[in-house]
Structure formats: C-alpha cells, structure tokens
Amino acid sequence: MHPQLEILLELQDLKTQQRELVEAAEDSSHEIERKVFRVRPEDAAAQLQAKIEEMEATLAPDIANRYRVILDRRARAVAPVLSGICYGCFMTVPTALPQSNEEIRWCEHCGSFLYFVD
Amino acid sequence: MQLTEFFTEDVIKLDLQGDHKDDILKELISLLKLSEKSEGILFKMLKRRENLGSTGIGRGIAIPHCRSLVVNHLRVAFGRAKDPIDFKAIDDKPVSFFFLIVAPPLEVSNQYLPVLGKIAQLCREPDVPEKLAKIETPAQFLELLDQKQV
Ligand SMILES: [Zn+2]
C-alpha cells in the first residue's frame, strides 16, 4: 500500500471514531463507551483530535492539498471501492484504473481518494 | 437480530497462545483472514482504541472494537486465552475472554452498535464467565449464544 494512502486511511478511521464519540444520542457509541467501557468521551475525542492533527502534518504537500479540498466539500476524504463502485458517490470506477492501493488514486466523479477493499 | 447470525466456527478460537495484550489482539485479528496490510492497519486502530481506555470490562472479559475501512462488513471473533492476560481491565483483573468487533465506517444495516450492545449485555450475565471457561468446542460457544437468546 502507498504509505500516504495508509496515513489517509488511518486518519479517516480516527475521524470516524472521533465523530461517533462526540455524537451523544441514545444507544450511540458515545453512550456505550461511557457506560460499558467507562471512557470519558470528551477526553477520548480530544486525544483523538491531537493524534489526527499529528498525522495530518505527515501528509505530503500535494496530498495534503487535495485532502483539504475534498474535506471542504465532503465529510470523508477516502472512499472505499467495493465491487468496482466508489462508495463516495456510488459511481463505477473505470476498470482501466488498476484496482490497487499501491498508488494514490482518486475518483473522477467525486474526487475522493480511493481505497480498494480486500 | 441475534449474535449467532454473526459468529461462525472459524472465528472462534479457544486456545489463544499469546501472553501479552498485543499478541492476543493480533491473534484475534488473524481469525478474520484479512490481507497482511489490512491486519496491520486494524491492529493500529484497535491499539488506538485501547489507548483511550481498556476494553476490558471486568470479570475476565474484554471487547476490543473499532470501525475501520479495511473491512467491508461487520466482523466478529471470539477468543479464549490459555492463561489470563493483563489487559488493564477496569477491575484490574486479568482477562481470558475476548470478543472482537470490527465494522466499516458506513454500514447500510447499522449493526455495529447493536452488536456491541448485545455482546456487552451477554457479558453482564452472572454465569457467562464460568460458562465461557467450560466451553470445549466452537459449536458449544454458538450453543451458549443461542441459549442466552442474545
Ligand atoms: Zn466517487
């Protein structure tokens, strides 16, 4: 896997986790983490935010630019590709594109970075 | 929805070999049969979740969990350690029983939190640790889930 794609994936997983921690609704991750695992969601979210910022600083400048541009428009920078479909926009990814994570690719429709799921 | 819908015999391992938290997490992940790269990313995410606070909920049980792009649908596994492991659990007791739950960030059917909730509910039942200790085959684990009607 392209090392920058790996960072993008981790960033997105961290952001997913953080977003869920701050959404306090009934039966939410926030509530489960608090009640079952005795985690303080606010502290955990702050800890994740610090990690996110630390990792964002390790993105190469051109990748970081595109990352910011995508996040200005969309909630997530990386879209998984399953069965040839970009889950950012649900359009077909051209089969001419090698289905590989060894290079950084983005969707020509929605602009998301693409991650081909195993 | 029942937990038996998500567990199959091949994701149940009753003799985890690891004697450290990291080894145990890796062994659990390996039950999911992902690529090596995906396993590595998942391990990092589970570790990050553990760093926020142990998923050891007491009475010898831990529920490591996270969401990650590396899986395309909800995945679960169960493992039992040969010897109890120091997992920094909330009651400070060592952990023998591990329920792993991993889900993609977006799920159409939204099963992650309900499954996490059901496993937590199962683990609160007084006789569950004792029953998990006595199980001899993966099939018996599935029978226990069935009996408990979770
Ligand atoms: Zn797209």
Side-chain angles (χ1 to χ4, degrees), chain A residues 1-3 5-21 23 25-48 50-52 55 75-83 85 87-88 100-102 113-118, chain B residues 32-58 61-73 75 87-91 99 101-108 110-124:
Chain A
M1 188 180 307
H2 193 291
L5 180 60
E6 191 168 337
I7 298 172
L8 288 167
L9 276 191
E10 284 183 43
L11 270 169
Q12 184 141 319
D13 284 348
L14 289 170
K15 287 188 162 203
T16 303
Q17 203 177 332
Q18 194 209 26
R19 196 176 298 132
E20 284 201 316
L21 275 169
E23 279 169 8
E26 206 182 331
D27 297 328
S28 62
S29 175
H30 175 102
E31 283 302 292
I32 291 179
E33 291 293 356
R34 195 172 63 78
K35 288 187 190 151
V36 179
F37 299 99
R38 319 258 178 96
V39 162
R40 292 169 58 113
E42 297 77 12
D43 294 353
Q47 217 174 308
L48 289 175
K51 187 70 207 171
I52 288 167
M55 290 193 69
R76 295 169 183 84
V78 184
V81 180
L82 291 163
S83 312
I85 308 283
Y87 273 63
S100 150
N101 295 313
E102 293 307 319
F113 291 108
L114 295 176
Y115 171 65
F116 296 90
V117 182
D118 291 347
Chain B
L32 304 183
K33 306 269 187 299
L34 302 168
S35 70
E36 198 181 322
K37 202 75 211 178
S38 299
E39 286 188 351
I41 291 174
L42 196 49
F43 175 70
K44 274 198 229 172
M45 279 309 295
L46 288 168
K47 282 283 284 181
R48 296 225 167 94
R49 170 60 193 79
E50 293 297 325
N51 290 341
L52 302 177
S54 175
T55 60
I57 56 168
I61 301 172
I63 314 177
H65 60 277
C66 71
R67 282 197 194 267
S68 176
L69 274 167
V70 302
V71 293
N72 58 18
H73 61 278
R75 306 293 301 275
F87 214 74
K88 310 270 176 285
I90 47 185
D91 60 358
F99 291 86
I101 312 172
V102 187
L106 296 169
E107 307 158 87
V108 191
N110 239 330
Q111 293 163 327
Y112 175 59
L113 294 175
V115 167
L116 189 51
K118 275 192 177 247
I119 289 177
Q121 179 198 332
L122 171 75
C123 296
R124 274 195 298 269

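Just so it is clear: chains get the letters A, B, ... in the order the sequence lines come, proteins before strands, and each one is counted from 1.
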Checklist outcome for this item: From the list A/Met1, A/Gln12, A/Glu33, the residue making the most non-hydrogen contacts under 4.5 Å with chain B is A/Glu33
Checklist entry - Which bit of B/Leu106 comes within less than 4.5 Å of chain A, counting heavy atoms only: side chain, backbone, both or neither? => result side chain
Checklist entry - Which atoms of A/Val117 come close to chain B, meaning under 4.5 Å heavy atom to heavy atom: side chain ones, backbone ones, both, or neither? => result side chain
Item to check | Contacting moiety of A/Arg76, where chain B heavy atoms sit under 4.5 Å | outcome: side chain
Checklist entry - Given the rule in the side chain to side chain contact (heavy atoms under 4.5 Å, CB included) test, do B/Met45 and A/Leu9 qualify, once you have shown the distances and angles that lead to the verdict? => result CA-CA 10 Å; B/Met45 279 309 295; A/Leu9 276 191; over 6 Å; no
Checklist entry - What heavy-atom pair brings B/Cys123 and B/Phe99 nearest, and what distance separates the two atoms? => result SG-CE1, 3.7 Å
Checklist entry - Among all residues two or more places apart in sequence or in another chain, which pass the side chain to side chain donor-acceptor pair (under 3.5 Å) test with A/Glu10? => result B/Lys44, B/Arg48
Checklist outcome for this item: Applying a strict 4.5 Å limit to non-hydrogen atoms, the region of A/Thr16 in contact with chain B is side chain
Next on the checklist: Nearest 0.5 Å, please: how far is CG in A/Asp43 from CG in A/Leu48?
Outcome noted: 11.0 Å
Item to check | Basic-acidic side-chain contact under 4.0 Å: B/Glu50, B/Lys47 | outcome: no
Checklist outcome for this item: With chain A, the option among B/Asn51, B/Ile41, B/Leu34 that has the most non-hydrogen atom pairs under 4.5 Å is B/Ile41
Next on the checklist: Closer than 4.0 angstrom, basic N to acidic O: yes or no for A/Glu6 and B/Lys37?
Outcome noted: yes
Item to check | Selection from B/Ser38, B/Gly53, B/Ala120, B/Gly117 maximising heavy-atom pairs under 4.5 Å formed with chain A | outcome: B/Ser38
Item to check | Max heavy-atom pair count under 4.5 Å with chain B, selected residue of A/Gln47, A/Lys35, A/Glu31 | outcome: A/Gln47
Checklist entry - Contact part of B/Leu69 toward chain A, heavy-atom cut-off under 4.5 Å: side chain, backbone, both or neither? => result both
Checklist outcome for this item: Okay, A/Phe37 and chain B: the region with an atom under 4.5 Å from a heavy atom over there is both
Item to check | Proximity breakdown for A/Glu20 and chain B, heavy-atom pairs closer than 4.5 Å | outcome: side chain
Checklist outcome for this item: For B/Leu46 and B/Pro64, the nearest pair of non-hydrogen atoms, with its separation, is CD2-C, 4.1 Å
Next on the checklist: Under 4.5 Å from any heavy atom of chain B, what part of A/Lys51 do you find: side chain, backbone, both or neither?
Outcome noted: side chain
Item to check | B/Ser68 side chain vs B/Leu42 backbone, donor-acceptor pair below 3.5 Å | outcome: no
Checklist entry - For B/Ile90, is it the side chain, the backbone, both or neither that has a heavy atom under 4.5 Å from a heavy atom of chain A? => result side chain
Item to check | Side-chain donor/acceptor of A/His2 to backbone N/O of A/Glu102, under 3.5 Å | outcome: no
